Amino acid sequence: MLRGMRKASSNWLGKTIMAVVMGVLIVSFGIWGIADIFKGFGQSTVAKVGRTEISLNEFRQIYTDRLQQISRQFGRPLTPDQARAFGLDRQVLQQTIAEAALDEEARRLGLGQSDEQIRQVIMNDPNFKGVGGNFDANRFQAVIRNFGYTEQRYVAEQRKVSLRRQITGTIGAGLEPPKAMIDVLTRFQNEQRSIEFVRLDAAQAGTIDAPSPEALAAYFEDHKVQFRAPEYRKIAFVVISPEEIGKWSEVSDEDAKKLFEQRKDRLGTPEKRQIQQLVFPSVAEAQAARERLVGGMSFEDLGKERGLSASDVDLGLVTKSSLDSAVGNAAFALPAGEISQPIQGALGTSIVKVDKIEPGNEADYAKLAGDIKREIAADRARVKVADLRDKMEDERGGGSSVIDAAQKLGLTAVTIDAVDRSGRAPNGQPVANIPQGLDVVSQAFNTDVGVDNDAISFKGGYVWYDVLAITPSRDRSLDEVRDQVEARWRQDQIATKLKVKATEMVQKLEAGSKLADEAASIGAKVETATGFKRDDSPAGVPGTVVAAAFRTAKDGVAQTPVSGGSEVIVFRVTDIIDPAVDAASEAVKKLKDSLDRALTEEQVASYVNKLETDIGTTINQAAFAQVTGANQ
C-alpha cells in the first residue's frame, strides 16, 4: 500500500489527491478522537491475554513462519485450506496464547535472565556451529534470517523461552508414571499376533462390462464435484538468495586454501599429552627436585611432601595451547617418560614429565574444501543479496512488475502459467520449477491480480511474486474427463463386487469352513504373517490389516478393504502372544521416559489453562479468520 501511495503521489495530480485524503483523515481524527486506537479490543488485535495483546501483524508473522516451516518439511507448499483442515490454525493460536500467558506469569513472578546467560545459550546451540565446531556468527545470522528473524528479535524470543522454561521446568519436576500404567502400556505395545489371510483383487471381481452411455452420464452427474476443475493462478516470481547467487564451485582453490591456512590449527585435531608438573619458587629448588625425580622418586610422592594432591600434580591430557607458552614449548618437545630441565614460566620454575602422547590429526584441505568454499560463497552472496534486495525494492516501489524488475537487474524470473492451491499444474503433476520449501503458491492464493505483495523470506534471501491472472474453478463436462470418469466407475464396480464376495467368504468361515478351501475355490492363495506388533509393518501386509487384526479376537475372522477398495483382504487371527514385562529392559526405560514427558506436558498444559483462565483470555475471531484465510 505504501508503494502505491508513493507511486500515486509522484505527479502534481496525485499529490493534490493525496493532500485531500490526508486532510480528511486529520479532520476525522479531530472529530472522533484517536483514543480507541490505544484502548480496548481493537480490530488489529487477534487475542488478549491479561495485559498482553497479540497483534494481527504479530500473529500473521508467527502463523506464516509456521506454515513455511511445515511446507519445508513436506517438500511442497501447504495451502491455508490444508492448514485449517489439519487444525494448524487453532494449534498455532493456542500455542501463541499459552506463551503469552507464561510471559505474563514470568513478569508477575519477577523472573529474569541475564544477557550473559542468553549469550551462552545461543553460542552453545549446535545449529550455529561452523566448520571447526565453534560458534559461527555468519552462520547464526544466516540461519535466523532463513526463519525470518532479526538478531534483536531472536535474542528477545530466546529470553522469553528461557523464562518460560523456568516455570514449566518447575511445574513438571518430580512427576513419576505409576507402575500399573507402565505394565499395561508395555503389554499393549509388545503384544504379538499371527494371521492367515487371502487377497481378493480385480481377478476375483470377475468381468466388468463397459458402462452404457446412460450409466456413465448418471455416474458423472452424481460425482461431478470430484471431477471439478480447481481454481488456477498464473504467477511470476524471482528468487534472490545466497544459495542461488553464490555457488560454492565458483570459489577458487586459492581463496579457499587461504582461509584454510588461517584456520588450519582449529580445523585439525591438536596433539595432546598427559603431563605431570611441579612448580618451584627458584631454579635452585627446581634443580634439586629434578635430581630426586631422576633418582626414582615419583612426581606424586614429591608433590605430597609439598602438600599437593595427585590432581594438583597430574594435569591430564592437555593441548600445547592450554599451557604457559614456555612450559608448553618444553613439554611438547620432550619424549614420553623423560623429565625436563627446570623451565622458567610465568608462575615460577617448573619441572614436567610426559606420561602419554596422543598424536594430533592435521586438517586435510581436500576433505574440507567443499565446506570452506560454500562458506566463502555464502559470505560473498550475503553482501550481494542485500544489495539486490534494495535494488529490487526500489524497482518495485517505482511500479515495476516482478518480471520487469528482474530483467532490469539481470535476474531470472520464473513464470508459471497455471497452478492450483496444491501446487499442481492442469495435468495433475506437481509444478517442477518451484524451489523445494518455497511457499509461493499459498501466498499467491491469498492475494489478487495487481496487488503489490511483500517479499517472502527464503533461505537467507527473498522472493518477490506477482499474480498475473486467475482462472476460476469450474465444472468440467463429461467429454473433458470421460476417461477419468470411466476409470473411477470401474474402480467402484470392482470395490462393490469384492465387498460382496468377501462378506460371503467371512460368513462361510464363521460357519466352520477352512480358509484354504475358500481360497482354492476362487483361485487365490493363503498367506501368513506371524509375530507382528501393533506398530510393525510385516512384508506384504497393509497397515489397515495390522490394525484390524488387533481388533479381532483369537480365531476370529474379518475383512478389510485396502487400496481404496480395489483389493479386500479376508483374514483369521491364528495366535495372540501376551508378553511378560521386563522392567529393566531398554524398551521399558524408553517407555517410562516417554510417559514422563507426556505427564509433564499434561501437567504444564493444565497449569497454563488455569493461568489463561485466571489472567483472562479473549480471542478476536474475525481477526483470526482474516489471518488464516477462513473468511475468504
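Predicted model, so just to flag it, every value in this text is computed and none were measured.
Among residue pairs with one or both ends in residues 270-286, those qualifying as side chain to side chain donor-acceptor pair (under 3.5 Å) are Glu271-Arg273, Gln274-Asp314, Gln276-Asp355, Gln277-Ser350; sequence neighbours excluded. Sorted by first and then second residue, the side chain to side chain donor-acceptor pair (under 3.5 Å) pairs involving residues 178-188 (not counting sequence neighbours) are Lys179-Asp183. Counting only residues at least two apart or on different chains, the side chain to side chain donor-acceptor pair (under 3.5 Å) pairs with a member in residues 327-343 are Lys320-Asn329. Within the structure, salt bridge (charged side-chain N to carboxylate O under 4.0 Å, His left out) pairs that include any residue of residues 90-101 comprise Glu99-Arg164 (at least two apart or interchain).
With hydrogens and angles disregarded, a donor-acceptor distance shorter than 3.5 Å links the side chain of Gln117 to the backbone of Ser114. Remark: side-chain polar atoms of Asn190 are not paired, donor with acceptor, to backbone N or O of Pro579 under 3.5 angstrom. Remark: the backbone N or O of Ile62 is not paired with any side-chain donor or acceptor of Asp65 at under 3.5 angstrom. A donor-acceptor pair under 3.5 Å is formed between the side chain of Thr170 and the backbone N or O of Gln166.
The shortest side-chain heavy-atom distance between Arg290 and Ile339 falls under the 4.5 Å cut-off. Put simply, the side chain of Leu93 reaches to within 4.5 Å of the side chain of Ile97, judged on heavy atoms. For the pair Pro177/Leu599, a side-chain contact is recorded, criterion being any heavy-atom separation below 4.5 Å from C-beta on. Using a 4.5 Å heavy-atom threshold, the side chains of Phe280 and Gln287 count as separate. The closest side-chain heavy-atom distance from Pro270 to Thr319 is below 4.5 Å. With contacts defined as side-chain heavy-atom distances shorter than 4.5 Å, the pair Phe458/Pro435 qualifies. You'll find the side chain of Asp253 reaches within 4.5 Å of the side chain of Tyr365, heavy atoms only. In this structure, Met392 and Arg389 have side chains that are not in contact, with every pair of non-hydrogen atoms separated by 4.5 Å or more.
Taking each heavy atom of Val238 and Ala413 in turn, the nearest pair found is CB-CA, 4.3 Å. Here the shortest heavy-atom pairing between Ala98 and Val608 reads CB-CG1, 3.6 Å. Across Thr617 and Glu612, no two heavy atoms sit closer than the pair OG1-O, 3.1 Å. When every heavy atom of Leu102 is checked against every heavy atom of Leu611, the shortest pair comes out as CD2-CD1, 4.1 Å. Closest approach of Ile343 to Ala326, counting heavy atoms only: CG2-O, 3.8 Å. Between Val463 and Val239 the shortest heavy-atom distance is CG2-CG2, 3.9 Å.
From Leu293, atom CG reaches atom NZ of Lys353 across 8.5 Å, with rounding to the nearest 0.5 Å. How far CD of Gln113 is from CD of Gln158: 10.5 Å, rounded to the nearest 0.5 Å. Note that the CG atom of Leu409 and the CG atom of Leu411 stand 5.5 Å from one another [nearest 0.5 Å]. Annotation: the span from Thr150 atom OG1 to Ile144 atom CD1 amounts to 6.5 Å, rounded to 0.5 Å. A distance of 12.0 Å separates CD in Glu395 from CG in Asp390, rounded to the nearest 0.5 Å. Atom-to-atom distance recorded for Leu317:CG and Ile275:CD1 is 9.0 Å, nearest 0.5 angstrom.
Under the rule for a salt bridge (Lys or Arg N to Asp or Glu O under 4.0 Å), Lys533 has no partner lying at least two apart in sequence or in another chain. In terms of the salt bridge (Lys or Arg N to Asp or Glu O under 4.0 Å) criterion, residue partners of Asp387 (sequence neighbours excluded) are, by chain and number, Lys391. For Phe140, the ring pair (Phe, Tyr, Trp, His ring centres under 6.0 Å) test picks out Phe128, Phe135, Tyr154, with sequence neighbours left out. Checked against side-chain contact (heavy atoms from CB on, under 4.5 Å), Thr412 has no partners two or more places apart in sequence or in another chain. Shown here are the ring pair (Phe, Tyr, Trp, His ring centres under 6.0 Å) partners of Phe299, two or more places apart in sequence or in another chain: there are none. Residues satisfying the salt bridge (Lys or Arg N to Asp or Glu O under 4.0 Å) test with Glu291, not counting sequence neighbours, are none. With sequence neighbours left out, the salt bridge (Lys or Arg N to Asp or Glu O under 4.0 Å) criterion links Asp301 to no other residue.
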Identify every side-chain donor-acceptor pair in residues 583-597 under 3.5 Å, counting partners at least two apart or on other chains, and give the distances.
from	atom 1	to	atom 2	distance (Å)
Ser585	OG	Asp582	O	2.9
Ser585	OG	Val588	N	3.3
Lys592	NZ	Glu176	OE2	2.9

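Remark: Arg107 does not engage Asp103 in a salt bridge, criterion side-chain N to carboxylate O under 4.0 Å. Between Arg159 and Asp115 there is a salt bridge, with a side-chain nitrogen of the basic residue lying less than 4.0 Å from a carboxylate oxygen of the acidic one. Salt-bridge check for Arg60 with Glu58: failed, with every basic side-chain N at 4.0 Å or more from each acidic carboxylate O. Between Glu105 and Arg108 there is a salt bridge, since a side-chain N of the basic residue sits under 4.0 Å from a carboxylate O of the acidic one.
Counting heavy-atom neighbours within 6.0 Å of Glu305 CD, excluding the residue itself, gives a total above 12. Residue-environment remark: CD (Glu602) stays at or below the threshold of 12 foreign heavy atoms within 6.0 Å. Within 6.0 Å of atom CG in Asp578, more than 12 heavy atoms from other residues, nucleotides or ligands are found, so the atom counts as buried in its surroundings.
Defined by atom type and a distance below 3.5 Å, a donor-acceptor pair is missing between the side-chain atoms of Ser606 and Asn609. If you check the side chains of Gln61 and Asn57, you find no donor sitting under 3.5 Å from an acceptor. Looking only at atom types and distance, the side chain of Gln120 has a donor-acceptor partner in the side chain of Glu116 under 3.5 Å away.
Classified by interplanar angle (parallel below 30°, tilted 30° to 60°, perpendicular above 60°), the ring pair Trp464/Tyr462 is tilted. Ring geometry for Phe59 versus Phe624: interplanar angle of 30 to 60°, hence tilted.
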Practice problem: Apply side-chain contact (heavy atoms from CB on, under 4.5 Å) to the pair Thr349 and Val279, showing each step before the final yes or no. | Solution: CA-CA 5 Å; Thr349 305; Val279 182; over 6 Å; no
Exercise. For Arg153 and Glu151, run salt bridge (charged side-chain N to carboxylate O under 4.0 Å, His left out): C-alpha distance rounded to whole Å, both residues' side-chain angles, the deciding distance at 0.1 Å, then the answer.
Key: CA-CA 6 Å; Arg153 181 184 164 209; Glu151 180 176 339; over 6 Å; no
Practice problem: Could you go through the side-chain contact (heavy atoms from CB on, under 4.5 Å) check for Leu88 and Thr628 one step at a time? | Solution: CA-CA 9 Å; Leu88 185 64; Thr628 59; over 6 Å; no
Quiz prompt | side-chain contact (heavy atoms from CB on, under 4.5 Å) evaluation trace for Val352 with Val327 | solution = CA-CA 8 Å; Val352 298; Val327 175; 4.0 Å; yes
